[in-house]
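We number each residue from 1, following the sequence as shown.
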Amino acid sequence: MSSPSPNSSRLAILIPFGIVTLIWGSTWLVIRHQLGVVPPTWSVTYRFIVAGTFMLGYALFRGERIVLDARGWAFAAVTGLCQFCLNFNFVYRAEGYVTSGLVAVVFALLLLPNAVFARFFLGQKLGQQLIVGMGVAMAGVILLFVREARVDPHGPGQVLLGIGFTLLAILSASVANVMQATPTARAYPMAAMLGVAMLIGAALDATIAWTISGPPVFDTSPGYIAGVLYLGIFASALAFPLYYGVLRVIGPAKAAYSSVLVPVIAMLLSTLFEGYVWTWLAAGGAALVLGGLVIALSARRPAR
């Protein structure tokens, strides 16, 4: 059987990469509107109850075997803890202290631990083109960060606390990202594994929420319910399988470029819905981010 053409192979990466980036670029705005009546950890719990249920339903529809062995349960539990519990709890709390735009900008630093962890734990080399693209993109992130830090209304103490929570979220997400590139992850059907991991994460989220905030609280407003469904189905059950599929092909470092492009999309949406005002500093940062992304993703082969 003939191998797929380079163009079709590249589209198989770029199309899901683009879908994930567009979806996750919008989530910062949605998460911001989830804060209020419902404590953050309960909102995270509801999100992954929806996501995990949807994923297991999809796995059953595909005929995937959901029963896992001991190694599978352990892998799902660590993924649930790192990706669907710690990561999102830290993100939701960060947005309680700083703007969604600043959290999105800082989260772009996911590129760095992904690249370092992939180098040490997976043996994936950092090619010259990836390093150049990373440098250009991170220069853009710095410009965006400077702009956001200047205009953030919360003050330096709140900003530092918000950034601290975001950095903890980055490290948690990076551990889960690198795990998805291991042979263990490939040994199990993705939909079934992710469904179990999401529900484990939801159980951990619920335990933390009940301990910190008390019994469940739910907002019955249409906007909140729509946000939970969007974040659970589109931003989780759809986006994570697409993202992890790309990650397994091009590696954690290059896949993390979605987090570099996400702040630009988040700011574009903020311009439309939150009155975000662009400056030359923000525009220059966005241009560098896009340029770095093009440089890194135009490499002929992923760094292995």
Student: If every non-hydrogen atom of Gly284 is compared with every non-hydrogen atom of Leu143, which pair is closest and at what distance?
Tutor: C-CD1, 4.0 Å
Student: Using side-chain contact (heavy atoms from CB on, under 4.5 Å), reason through Phe165 and Tyr92 one step at a time and then give a plain yes or no.
Tutor: CA-CA 9 Å; Phe165 277 125; Tyr92 276 64; over 6 Å; no
Student: Starting from Tyr58, can I reach Phe48 by hopping between I/L/V/M/F/W/Y residues whose side chains sit under 4.5 Å apart?
Tutor: no
Student: Does Val67 sit in a hydrophobic cluster with other residues, and if so which ones, taking ILVMFWY side chains as linked at heavy-atom separations under 4.5 Å, directly or through other members?
Tutor: none
Student: Could you tell me if the side chain of Leu194 sits less than 4.5 Å from the side chain of Phe84, heavy atoms only?
Tutor: yes
Student: Out of curiosity, Leu238 CG to Leu242 CG, how far, rounded to the nearest 0.5 Å?
Tutor: 5.0 Å
Student: Name each donor-acceptor pair under 3.5 Å that joins a side chain in residues 110-117 to protein atoms two or more places apart or in another chain, with its distance.
Tutor:
{"residue": "Asn114", "atom": "OD1", "partner": "Ser174", "partner atom": "OG", "Å": "2.7"}
{"residue": "Asn114", "atom": "ND2", "partner": "Asn177", "partner atom": "OD1", "Å": "3.0"}
{"residue": "Asn114", "atom": "ND2", "partner": "Pro252", "partner atom": "O", "Å": "3.0"}

Student: Which distance, rounded to the nearest 0.5 Å, do you find between the CD of Gln83 and the CD1 of Ile200?
Tutor: 14.0 Å
Student: Heavy-atom count around Phe234 CZ within 6.0 Å, excluding the residue itself: above 12?
Tutor: no
Student: Would a distance-only check, ignoring hydrogens and angles, find a side-chain to backbone donor-acceptor pair under 3.5 Å from Trp24 to Ile19?
Tutor: no
Student: Write out all pairs satisfying ring-ring contact (aromatic ring centres under 6.0 Å, His included) with one or both partners inside residues 196-221, taking only residues at least two apart or from two chains.
Tutor: Tyr46-Phe218, Phe218-Tyr224
Student: Between Arg93 and Asn89, does a side-chain contact (heavy atoms from CB on, under 4.5 Å) hold up when you go through it step by step?
Tutor: CA-CA 6 Å; Arg93 275 167 172 73; Asn89 273 285; 3.4 Å; yes
Student: Heavy atoms only: give me the nearest Gly227-Val30 pair and the separation to one decimal.
Tutor: CA-CG1, 3.9 Å
Student: Taking the side chain as everything from C-beta on, heavy atoms only, tell me whether Ile208 gets closer than 4.5 Å to Cys85.
Tutor: yes
Student: Which heavy-atom pair separates Glu64 from Ala191 by the least distance, and what is that distance?
Tutor: OE1-CB, 3.4 Å
Student: Report yes or no: do Tyr188 and Arg65 form a side-chain donor-acceptor pair below 3.5 Å?
Tutor: no
Student: Can you check side-chain contact (heavy atoms from CB on, under 4.5 Å) on Val249 and Ile13, steps first, answer last?
Tutor: CA-CA 8 Å; Val249 175; Ile13 294 172; 3.8 Å; yes
Student: With heavy-atom distances below 4.5 Å as the criterion, would you say the side chains of Ser172 and Phe90 are in contact?
Tutor: yes
Student: Using the rule that Ile, Leu, Val, Met, Phe, Trp and Tyr join whenever any side-chain heavy atoms are under 4.5 Å apart, tell me whether Trp73 and Val78 fall into a single cluster.
Tutor: yes
Student: Count I, L, V, M, F, W, Y as connected when their side-chain heavy atoms are under 4.5 Å apart, and connections chain through other members. Are Ile212 and Trp42 then in the same cluster?
Tutor: no
Student: Find the distance between CD1 (Ile265) and OG1 (Thr27) and round it off to the nearest 0.5 Å.
Tutor: 10.0 Å
Student: Below 4.5 Å, heavy atoms only, C-beta onward: do Met55 and Leu60 meet side chain to side chain?
Tutor: no
Student: On a heavy-atom basis, which atom in Thr45 and which in Ala209 lie closest, and how many Å separate them?
Tutor: OG1-CB, 4.5 Å
Student: Distance from Cys82 atom SG to Leu171 atom CG, nearest 0.5 Å?
Tutor: 10.0 Å
Student: Spell out, as yes or no, whether a donor-acceptor pair under 3.5 Å connects the side chain of Ser236 to the backbone of Ile233.
Tutor: no
Student: Evaluate side-chain contact (heavy atoms from CB on, under 4.5 Å) for Leu168 paired with Leu86, printing each intermediate quantity in order.
Tutor: CA-CA 8 Å; Leu168 291 173; Leu86 296 178; over 6 Å; no
Student: Does the side chain of Gln34 reach to within under 4.5 Å of the side chain of Leu231, using non-hydrogen atoms?
Tutor: yes
Student: Please check this pair: side chain of Arg248 against backbone of Gln180, looking for a donor-acceptor N/O pair closer than 3.5 Å.
Tutor: yes
Student: Do the side chains of Val175 and Phe120 join up, straight or via other hydrophobic residues, at under 4.5 Å, putting them in one cluster?
Tutor: yes
Student: Could you check whether any side-chain N or O of Ser26 sits under 3.5 Å from a backbone N or O of Ile23, counting only pairs where one atom can act as donor and the other as acceptor?
Tutor: yes
Student: Return the CE to CG distance between Met193 and Leu68, rounded to the nearest 0.5 Å.
Tutor: 5.0 Å
Student: Specify whether Phe240 and Tyr244 have parallel, tilted or perpendicular ring planes, treating 30° as the upper limit for parallel and 60° as the lower limit for perpendicular.
Tutor: tilted
Student: Show the nearest heavy-atom pair for residues Val262 and Gly25, with the distance to one decimal.
Tutor: CG1-CA, 3.8 Å
Student: Which atoms form the tightest heavy-atom contact between Ala185 and Phe75, and what is the distance?
Tutor: CB-CZ, 3.6 Å
Student: From Leu167 CG over to Phe107 CZ, what is the distance, rounded to the nearest 0.5 angstrom?
Tutor: 10.0 Å
Student: Examine Ile31 and Ile49 and state if one hydrophobic cluster contains both, with Ile, Leu, Val, Met, Phe, Trp and Tyr joined whenever side-chain heavy atoms are less than 4.5 Å apart.
Tutor: no
Student: Does a side chain donor of either Thr41 or Asp205 reach within less than 3.5 Å of an acceptor in the other side chain?
Tutor: no
